[in-house]
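To start, the structure under review is shown below, and the notes come after it.
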There are 2 protein chains.
Amino acid sequence: MMKALPRTKIRDQAAERIKEHIVARKLLPGDRLPTETELAETFGISRLSVREATKALEFLGIVRAKTGVGLTVGQIELPRVAEHLGFHPALHCADPQQLIDSRVIIETGVLSHVTRRMADDDSIRKKLQKLVDQFRSARDLKTWIELDIEFHRTLLESSGLTPLVAFGDLLRIFFQRFRESVKKAEWKVGIDSHQCIVDHLAAGDVAQAAAELRTHIESHRERIR
Amino acid sequence: MMKALPRTKIRDQAAERIKEHIVARKLLPGDRLPTETELAETFGISRLSVREATKALEFLGIVRAKTGVGLTVGQIELPRVAEHLGFHPALHCADPQQLIDSRVIIETGVLSHVTRRMADDDSIRKKLQKLVDQFRSARDLKTWIELDIEFHRTLLESSGLTPLVAFGDLLRIFFQRFRESVKKAEWKVGIDSHQCIVDHLAAGDVAQAAAELRTHIESHRERIR
DNA sequence: AGCGATCAGATTGTCAGATAATCTAACGAG
DNA sequence: CTCGTTAGATTATCTGACAATCTGATCGCT
């Protein structure tokens, strides 16, 4: 199996060896890996150092650990990785205008997928409509924010494109503080926009829905300049 | 500072708290974090459990540790992430068709930004053209792949929207294996597509450039079904 | 005064030994 | 046959400790 270790940080070497083991054996998600104790013996290191390595790999989904059972090969899910993209300088230091532009591109870009799926599944329209109705009867900023977020997320989800849902979630985190500065009158406009977007989508009119959505998202532009 | 912990895996909670701390304090790369011992005291857990959390974060670059000094904030570096994720594409859990759709949306979505900037800065066109020329004179798969990646990345970069560049880099990691199965004749078609895209962009024709780019990216669709 | 060497203190890296928590399979009772 | 219990296996977390590395302060020499 694997041979004992040379240099650098012991846990990093262990992590590399585990990866090598997975590749060499052509292991797939769900396949069993040696136990922590076995790995510790094989590498000639402490079990806790093995754990440091496996927790690192586990963070990315490469390895799965189950108490009482053992270690298995995991799988790498894009949304989980995307989640941490928030610590990438491009997001962390992003210009607010870029956040707006990025949201516009993503959200208008998925609309053709939304309308196509909406044509087959009316529950999509119903779900969005329900959010608009809830928004209309909401009375405080906190709820408006939650419902606005929910609406836009549901829109992305309705496309079925999980990578973009993940990315939208990420942008949302950085966008949060801008929502908090929206005035009461502007939230009312926002409700009408959401309704308008749902109506255009229901009619299969991607271009009009996109135009409305763009205007809606860009309404933040002046306020956050 | 941070308060003591409730539930689930203790190390995972610790990792989340550390991330929250970084975000709440608006910490930047290089900024000091509490020491392992301090974190252990604050969270009311063992120092080794703190280490399991920090090693996980360190694997992605979010945290840096230096013997004798302490912990600092790091940042996500996608080449490092790519290395970790790319070692065994069989572990990737991302629907290929969704990757294609997402790429189409992102890359066509930035084109109006590219043409606008290209009108003011001819070096953008020159840079893209140079990549096409290099592509045309390349003779092996590895170089074709590199240049294709470089072209698409440059396209995103040319928009000036750094969040989308980072996200495009992430998508690329999951897309890598599909590039490797492209046949020689298809790479030649790819070269002409790149040229066509550059020409349309130079002419300020976003719609045509978008159509060509969509066709180019979607050329993968049948092969990776 | 400036430079280099040494040392003390701080912090991470790794370990040994141990108990707690969770899962699975086997066995026994109804 | 089904359900409950138990034993064994393995991960989750802990205490206590020493090793390795870094940084800043101090001292000695030129």
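A quick note: this is a predicted structure, and the numbers were derived from the prediction, not measured.
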Expressed as a whole number of angstroms, how long is the span from [X]:[atom1] to [N]:[atom2]?
{"X": "L39(A)", "N": "dA12(D)", "atom1": "CG", "atom2": "P", "answer": "13 Å"}
{"X": "E52(A)", "N": "dA12(D)", "atom1": "CD", "atom2": "P", "answer": "14 Å"}
{"X": "I10(A)", "N": "dA19(D)", "atom1": "CD1", "atom2": "P", "answer": "14 Å"}
{"X": "K9(B)", "N": "dC14(D)", "atom1": "NZ", "atom2": "C1'", "answer": "16 Å"}
{"X": "L48(B)", "N": "dG16(D)", "atom1": "CG", "atom2": "C1'", "answer": "10 Å"}
{"X": "E41(B)", "N": "dT15(D)", "atom1": "CD", "atom2": "P", "answer": "11 Å"}
{"X": "R64(A)", "N": "dA12(D)", "atom1": "CZ", "atom2": "P", "answer": "13 Å"}
{"X": "E36(B)", "N": "dA20(D)", "atom1": "CD", "atom2": "C1'", "answer": "13 Å"}

- Task: Indicate yes or no: does D12(A) engage K55(B) in a salt bridge with an N to O separation below 4.0 Å.
- Result: no
- Query: Do K19(A) and E16(A) meet the salt-bridge criterion of a basic N to acidic O distance under 4.0 Å?
  - Reply: yes
- Item | N or O in side chain of S49(B) less than 4.0 angstrom from dC14(D) OP1/OP2 | yes
- OP1, OP2 of dT11(D) versus side-chain N and O of K55(A): anything below 4.0 Å? no
- Query: Using a heavy-atom cut-off of 4.0 Å to chain B, what are the terminal contacting nucleotides of DNA chain C, in 5' to 3' order?
  - Reply: dA10(C) to dC15(C)
- Task: Over 60° means perpendicular and under 30° means parallel, so classify the ring planes of F151(A) and H194(A), tilted if in between.
- Result: parallel
- Query: What class does the angle between the rings of H152(A) and H216(A) fall in, given that below 30° is parallel, 30 to 60° is tilted and above 60° is perpendicular?
  - Reply: parallel
- Note on the structure: Note: for K66(A) and T35(B) on DNA chain C, the residue whose nearest nucleotide lies more 5' is T35(B)
- Message: The test is salt bridge (Lys or Arg N to Asp or Glu O under 4.0 Å); show your working for R172(B) and E107(B) and say whether it passes.
- Response: CA-CA 12 Å; R172(B) 169 176 41 92; E107(B) 291 184 33; over 6 Å; no
- Message: Counting the atoms with a prime plus P, OP1 and OP2 as sugar-phosphate, which does S46(B) contact under 4.0 Å by heavy atoms, base, sugar-phosphate, or nothing?
- Response: base
- Pick base, sugar-phosphate or nothing for L71(A), based on heavy-atom distances below 4.0 Å to the nucleic acid. sugar-phosphate
- Task: For residues I105(B) and L161(A), determine if any side-chain heavy atom of one lies less than 4.5 Å from a side-chain heavy atom of the other.
- Result: yes
- Test side chain to side chain contact (heavy atoms under 4.5 Å, CB included) on Q176(A) and I149(A) and set out the steps. CA-CA 9 Å; Q176(A) 178 74 357; I149(A) 289 169; 3.4 Å; yes
- Message: Is a donor from one side chain sitting under 3.5 angstrom from an acceptor on the other, for D133(B) and Q129(B)?
- Response: yes
- Query: Which angle, to the nearest 10 degrees, lies between the helix axes at the two ends of the helix from dA1(C)-dT30(D) to dG30(C)-dC1(D), each defined by five pairs?
  - Reply: 0°
- Message: From C-beta outward on R47(B), which listed nucleotide comes closest to its side chain: dC22(D), dT11(D), dA17(D)?
- Response: dA17(D)
- Message: Apply side chain to side chain contact (heavy atoms under 4.5 Å, CB included) to residues E52(A) and K9(A) and explain how you reach the verdict.
- Response: CA-CA 11 Å; E52(A) 288 188 7; K9(A) 295 282 160 62; over 6 Å; no
